[in-house]
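Down below is the structure, laid out as C-alpha cells.
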Amino acid sequence: MKVAVVGATGLVGTKMLQVLEERQFPVTELIPVASARSVGKTVNFRGKAYQVVDAETAIQARPALALFSAGGSTSLALAPRFAEVGTTVVDNSSAWRMDPTKKLVVPEINADVLTPEDKIIANPNCSTIQMVMVLNPLHKAYRVKRVVVSTYQSVTGTGAKAVQQLMDERAGREAQKVYPYPIDLNVIPQIDVFLDNGYTKEEMKMVNETKKIMRDDTIRVTATTVRIPVIGGHSESVNVEFEKEYDIQQVRDLLTHTPGVVVVDDPAQSKYPMPLCAHEKDEVFVGRIRRDESQPKTLNLWIVADNLRKGAATNAVQIAEYLYRQGWLA
C-alpha cells in the first residue's frame, strides 16, 4: 500500500511517521511530501531513508492513503487533487472539519459514519478529541446539557518554532517570536485569532466540533483556550452539566471501561493526570473526578492527553486503520 504523508517534516508529520511504524500499519511504499524548501531531504521510516518529494510527484504516484498535516490552505488546495486520483485523505487541519459534506471522526466514537465514498476525512482539533473521548460515554448514560471547558495547551500545538521560542527564552537567548508575548514563565489566553463574538477560533472549534462528533446539536459548550509553557500534552478543566442525575462511582466505572481512556484519580495519594504522564502515550487520561457542589447534576473533570499523538497523529492513523479493516484502502 502506497501511503503519502503530507507535511512529513513538521512536528505532527514526524509523529505520524512514528505512529505508522509503531502500529505496524501496512505501508509498502512511503511517499513523504513537504514544501519546496524540504524537497530532497530524507526522512527515516522502518530503518530506511525516503526522499521528500513535492505534492505533484505524490499525486502522480496515486497513493491509497494520504495523511495530511500541512495547514488549512494546503489542505484546501491539495486534498481534492489527491481525492480525484482515488486517494483517501485524512486531514489534520481545520480546513474540512465543519464542511457538512465531510466526516469529522474520532474512531472510538463515530467511525460508523464513514463510507467507502469518503475520500476526504477530517481529523478533529486536538483539544476536542481528548474532551469528547471522556464526554461520549457520559453523554450516553446521562445526556450532556452544557460543558464549560478551560484548556492548558502545550506549545507543541503551535509547532516547532513555538517550541524553539520557549527553549530560547528559558535559556536566556534572543528568541524568534511565534507568540505576541513571551511564553516562558507566562500563560497566554489566546489560541488562534479572535472572532467578532470575542472568542478565538480555537474556542469555537471546541464548541462546533463537539456537537458534530457527538451527533447532538443541543449540547451547549463554552470554552476558554490558553497556551502554557509546557512541551507536549494538553490539559483541560471540564465542568459538565447533565440532564440526568449521576452516581460518582458509576461515572468512574464507565470511564474505567471506556477504550482509550485511563482513569488516574487518587487524591489521597496525589495521583491525577499530568502532561508528563501522558507524554508519548495514546490514551486520554482523566482524574479529579468530583461533584460540582454549586449546582445539581454537574460534574468536574481534569483531562490530559498527548496532543501530538491522540490529539493528532494517532487519531489520524486510527482512522486509516478502520478504513483498512473495512477493505476500503486499495
With a 3.5 Å cut-off and no angle check, do the side chains of S237 and N300 form a donor-acceptor pair? no
d(Y272 OH, D265 CG) to nearest 0.5 Å is 11.5 Å
With the threshold set at 4.0 Å, does a side-chain nitrogen-carboxylate oxygen contact exist between K310 and E108? yes
Could you tell me if D54 and T57 have a donor-acceptor pair between their side chains, going purely by distance under 3.5 Å? yes
Without swapping roles, check the side chain of K103 against the backbone of V113 for a donor-acceptor pair under 3.5 Å. yes
Answer with yes or no whether the side chains of S127 and Q153 bring together a donor and an acceptor at under 3.5 Å. yes
Pairing donors with acceptors under 3.5 angstrom, does anything connect the side chains of Y199 and T225? no
Do any N or O atoms from the side chain of T128 and from the backbone of P124 form a donor-acceptor pair under 3.5 angstrom? no
L185 to P229 - nearest heavy-atom pair and separation: N-CG, 4.2 Å
Does the ring-ring contact (aromatic ring centres under 6.0 Å, His included) test come out yes or no for F82 and F68, once each step is laid out? CA-CA 11 Å; F82 275 89; F68 267 64; 5.4 Å; yes
Side chain to side chain donor-acceptor pair (under 3.5 Å) evaluation trace for T115 with D118: CA-CA 6 Å; T115 71; D118 291 312; 3.2 Å; yes
I'd like to check Y152 versus V230 (side-chain heavy atoms, cut-off strictly below 4.5 Å). Are they in contact? no
For A316 against M16, the heavy-atom pair lying closest together: CB-CE, 4.1 Å
Between E169 and Y179, is there a side-chain donor-acceptor contact under 3.5 Å, judged purely by atom types and distance? no
Say you draw a straight line from CD of Q250 to CD of E245; how long is it, rounded to the nearest 0.5 Å? 11.0 Å
Do the side chains of R23 and E321 get close enough for a salt bridge, i.e. N-O under 4.0 angstrom? yes
Is the closest basic N to carboxylate O distance between K211 and D217 below 4.0 Å? no
For P63 versus I31, what's the shortest heavy-atom pair and its separation? CB-CD1, 4.2 Å
Distance (rounded to the nearest 0.5 Å) between D192 CG and Q190 CD: 8.0 Å
Can you tell me if T298 and Q295 form a side-chain donor-acceptor pair at under 3.5 Å? yes
Salt bridge between R309 and E280, side-chain N to carboxylate O under 4.0 Å? yes
Minimum-distance pair of heavy atoms, taken over all atoms of I109 and R215: O-NH2, 3.4 Å
Rounded to the nearest 0.5 Å, the CG atom of D306 sits from the CD atom of Q130 at a distance of 9.5 Å
The complete set of salt bridge (Lys or Arg N to Asp or Glu O under 4.0 Å) pairs with one or both residues in residues 124-142, sequence neighbours excluded, reads none
Check this for me: does any side-chain nitrogen of one of R81 and E56 sit under 4.0 Å from a carboxylate oxygen of the other? yes
Do C277 and V264 make a side-chain contact, defined as non-hydrogen atoms from C-beta onward lying under 4.5 Å apart? no
T218: what forms a side chain to side chain contact (heavy atoms under 4.5 Å, CB included) with it, not counting sequence neighbours? R143, D216
Test salt bridge (charged side-chain N to carboxylate O under 4.0 Å, His left out) on E243 and K145; report intermediate values, then the result. CA-CA 6 Å; E243 287 184 10; K145 280 179 66 177; over 6 Å; no
Note: G311 and I129 closest approach over all heavy atoms is O-CD1, 3.7 Å
Rounded to the nearest 0.5 Å, the CG atom of N208 sits from the NZ atom of K201 at a distance of 12.0 Å
Any side-chain donor paired with an acceptor under 3.5 Å for N125 and E202? yes
Salt bridge D266-K271, side-chain N to carboxylate O under 4.0 Å: no
Side-chain donor or acceptor of W302 paired with backbone N/O of S235 under 3.5 Å: no
Can you tell me how far the CD atom of E21 sits from the CD atom of Q18, to the nearest 0.5 Å? 8.5 Å
Mark yes when over 12 heavy atoms from residues, nucleotides or ligands other than R173 sit less than 6.0 Å from its CZ; otherwise mark no. yes
For R62 and T87, does a side-chain donor sit closer than 3.5 Å to a side-chain acceptor? no
Return yes when atom NZ of K177 has more than 12 non-hydrogen atoms of other residues, nucleotides or ligands closer than 6.0 Å, and no otherwise. yes
Least distance between heavy atoms, V19 atom then A313 atom: CG2-CB, 4.1 Å
No-hydrogen, no-angle side-chain donor-acceptor test under 3.5 Å, N123 and D91: no
Between R97 and E209, is there a salt bridge with N-O shorter than 4.0 Å? yes
